[in-house]
Amino acid sequence: MLSLLFSAVLCALATSVYSDASTKVTMFAAPGSNVTLPCRLLHAVEKSPFADVGLRVKWTKVVDGKPDGQDVYISMGFHKKSYGRYLERVYMQEADAEDATLVLTDVQTEDAGMYHCEVINGIDDAFQQVTLEVQADAGATAEGVVFPYSPGVARYNLNYQAAELACVGQAAVVASFDQLYEAWRIGLDWCNAGWLSDGTVQYPITKPREPCGGTNAGAGLRNYGRRDKSKSRFDVFCFTAAVTGRFYWLVQPHRLSYDEAVQACVDDGSEIAKVGHMYAAWKMQGYDRCDAGWLADGSVRYPISRPRKNCSPTDAAVRLVGYPDKQQQLYGVYCFEPAQQ
């Protein structure tokens, strides 16, 4: 009934509509994550005789054999309804009066496809076409994985030379523009600027928001341009290739300090793992463990490939606990055994 009522509103206002904005975008998501499907009016009507009608939004998914598509979500003032397999998984972001962006939670492989968003606000309307691609390897390139890095001392503390050393110290190299672009294209979103190998400073945004360049800037790589390699201070984006060795959690009877963690790996015939080892195992091998452990840089992290309660509930990610006091005996350790040459 709500869907039919929305269609009636569309027909009633069709002859009065004077502005029709239509755009197309593509969004990327990993299974189990959340994704925003952007849609908004490009401008508001200031004095519309239909202003009291309010914002009307209808989201549908394009389905072969169904000319009108599959209903996903409808919003008409206080009346909001999701449909079918989208029940309880979708809601509108409503960041402002012209925002019709849809938030889709717990993304599934079957969610991939083309979506249509129709919006009417008084006599102003908009049509948005959004293609959702669901990829299990969001953030990974064909040859390796890009990851953001900053040392424990503070963010934005690396000049270019220090950034190079930081990546090498984590079994990686400074990422190129092409590597960061590919990582962004398949889902990497990070709101802190970092060095790239060409001397530019950039960061990838797939979900535009106010603290990260604003909501109207659109998704993409935010570019600070070339900076002074000696004086400028930023984070860095590192690139590491597939794991050439064995990354593993070392089972221990008790929690360890940092020095104890280093020695435990040595005693096991390996070395304490680096951040690049964890990212590579996480993305390239699907490594998943909900135990916080020491890494070589003094950080404590854990890799989650299957989001679940208490272990990164919304996103697959390498979670950073922090850089705790190295004397604390609160964590386990991840080790790395290099491949035999």
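The figures that follow rest on heavy atoms only: side chains count, while hydrogens, waters and symmetry mates do not.
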- Flag the pair Leu188 / Thr206 as yes when at least one side-chain heavy-atom distance between them is below 4.5 Å, and no otherwise. no

- Query: Which pairs count as side-chain hydrogen bond (donor to acceptor under 3.5 Å, both in side chains) when at least one residue sits in residues 253-271, sequence neighbours excluded?
  - Reply: Tyr248-Asp268, Tyr248-Ser270, Ser257-Glu260, Glu260-Gln329, Gln263-Asp267

- Query: Does Ser299 reach the side chain of Val275, with side-chain heavy atoms less than 4.5 Å apart?
  - Reply: yes

- Enumerate the residue pairs fulfilling salt bridge (Lys or Arg N to Asp or Glu O under 4.0 Å) with a member in residues 212-232, sequence neighbours excluded, ordered by first and then second residue. none

- Item | Trp195 side chain to Leu158 backbone, donor-acceptor under 3.5 Å | yes

- Please report the closest heavy-atom contact between Trp294 and Ala261, naming both atoms and the distance. CD1-CB, 3.7 Å

- Message: So for atom OH, which belongs to Tyr86, do other residues, nucleotides or ligands contribute more than 12 heavy atoms lying within a distance under 6.0 Å?
- Response: yes

- Message: Please tell me whether Val90 and Val63 are part of a single hydrophobic cluster in this structure, the criterion being side-chain heavy atoms less than 4.5 Å apart.
- Response: no

- Message: To the nearest 0.5 Å, what is the distance between OG1 on Thr60 and CD on Glu118?
- Response: 6.0 Å

- Message: Show me the pairs that pass disulfide (SG to SG under 2.5 Å) and involve residues 182-225, at least two apart or across chains.
- Response: Cys191-Cys212

- Query: How about Gln70 and Arg85: does a side-chain donor come under 3.5 Å of a side-chain acceptor?
  - Reply: no

- Pro38 and Thr101: which non-hydrogen atoms are nearest, and at how many Å? CA-OG1, 3.6 Å

- Note on the structure: salt bridge (Lys or Arg N to Asp or Glu O under 4.0 Å) pairs touching residues 323-334, sequence neighbours excluded, are none

- Work out which heavy atom in Pro67 is nearest to a heavy atom in Gly65; give both atom names and the distance. CD-O, 3.6 Å

- Who are the side-chain hydrogen bond (donor to acceptor under 3.5 Å, both in side chains) partners of Asp291, not counting sequence neighbours? Arg289

- Ring centres of Tyr287 and Trp282 under 6.0 Å apart? no

- Within a strict 4.5 Å, meaning less than it, do heavy atoms of the Val57 and Cys117 side chains meet? yes

- Close side-chain approach of Cys335 to Leu250, heavy-atom, < 4.5 Å: yes

- Message: Please tell me whether Val236 and Val168 are part of a single hydrophobic cluster in this structure, the criterion being side-chain heavy atoms less than 4.5 Å apart.
- Response: no

- Val321 with Val318, same ILVMFWY side-chain cluster at under 4.5 Å: yes

- Note on the structure: All heavy atoms of Arg301 vs all of Tyr334, minimum pair found to be O-CE1, 3.4 Å

- Message: My understanding is that only residues two or more places apart in sequence, or in another chain, count here; which of them pass ring pair (Phe, Tyr, Trp, His ring centres under 6.0 Å) with Phe147?
- Response: Tyr279

- Item | Heavy-atom closest contact (Pro307 atom, Pro313 atom, distance) | CB-O, 3.8 Å

- Got Met76 and Lys81 here, is their nearest side-chain heavy-atom distance under 4.5 Å? no

- Ser82 meets the side-chain hydrogen bond (donor to acceptor under 3.5 Å, both in side chains) criterion, sequence neighbours left out, with none

- Using the rule that two of Ile, Leu, Val, Met, Phe, Trp, Tyr join whenever any of their side-chain heavy atoms come within less than 4.5 Å, decide whether Leu132 and Leu87 are in one cluster. no

- Name all pairs fulfilling the side-chain hydrogen bond (donor to acceptor under 3.5 Å, both in side chains) condition that reach into residues 149-176, sequence neighbours left out, sorted by first residue then second. Tyr149-Asp297, Ser150-Arg155, Arg155-Asp235, Ser176-Gln179

- Message: Could you walk me through whether Leu104 and Asp111 satisfy the side-chain contact (heavy atoms from CB on, under 4.5 Å) test, starting with their C-alpha distance in whole Å, then the side-chain angles of each, then the deciding distance to 0.1 Å, before giving a yes or no?
- Response: CA-CA 9 Å; Leu104 172 59; Asp111 293 332; 3.9 Å; yes

- Message: Could you measure the distance from the NZ atom of Lys309 to the OG1 atom of Thr314? Nearest 0.5 Å is fine.
- Response: 14.5 Å

- Can you list the residues that meet the side-chain hydrogen bond (donor to acceptor under 3.5 Å, both in side chains) rule with Thr200, with sequence neighbours excluded? Asp198, Gln202

- Task: Could I get the full list of side-chain hydrogen bond (donor to acceptor under 3.5 Å, both in side chains) partners for Glu337, not counting sequence neighbours?
- Result: Arg246

- Do Met114 and Gln129 come within less than 4.5 Å of each other through their side chains, counting heavy atoms only? yes

- Nearest 0.5 Å please: distance from the CZ atom of Arg319 over to the SG atom of Cys290. 10.5 Å

- Any pair with a residue in residues 93-119 that passes ring pair (Phe, Tyr, Trp, His ring centres under 6.0 Å), sequence neighbours left out, goes on the list, sorted by first then second residue, please. His116-Phe127

- Message: Please determine whether the number of non-hydrogen atoms from other residues, nucleotides or ligands lying under 6.0 Å from atom CD of Glu110 exceeds 12.
- Response: yes

- Message: Quick one, Tyr91 and Thr105 - any side-chain contact, counting heavy atoms below 4.5 Å?
- Response: yes

- Task: Among Trp184, Phe234, Tyr224, find the one that has a side chain to side chain contact (heavy atoms under 4.5 Å, CB included) with Tyr203.
- Result: Tyr224

- Query: Could you walk me through whether Trp249 and Val333 pass the side-chain contact (heavy atoms from CB on, under 4.5 Å) check?
  - Reply: CA-CA 6 Å; Trp249 168 262; Val333 62; 6.0 Å; no

- Task: Quick one: pull up OH in Tyr331 and CG in Leu295 and give me the separation to the nearest 0.5 Å.
- Result: 12.5 Å

- Shortest non-hydrogen contact from Ser197 toward Val174: N-CG1, 3.4 Å

- Item | Set of ring pair (Phe, Tyr, Trp, His ring centres under 6.0 Å) partners for Phe336, sequence neighbours left out | His277

- Query: Got a salt bridge between Asp288 and Arg308, using NZ or NE/NH1/NH2 to carboxylate O under 4.0 Å?
  - Reply: yes

- Do Arg209 and Asp189 sit within salt-bridge range, that is, some charged N less than 4.0 Å from a carboxylate O? yes

- Query: Can Val266 be reached from Phe247 by stepping across I, L, V, M, F, W or Y side chains whose heavy atoms are under 4.5 Å apart?
  - Reply: no

- Message: Would you say that Val103 contacts Met92 through its side chain, given a criterion of any heavy-atom pair below 4.5 Å between the two side chains?
- Response: no

- Query: So Leu196 and Leu180, side-chain contact (heavy atoms from CB on, under 4.5 Å) or not? Walk me through it.
  - Reply: CA-CA 8 Å; Leu196 295 180; Leu180 183 64; 3.8 Å; yes

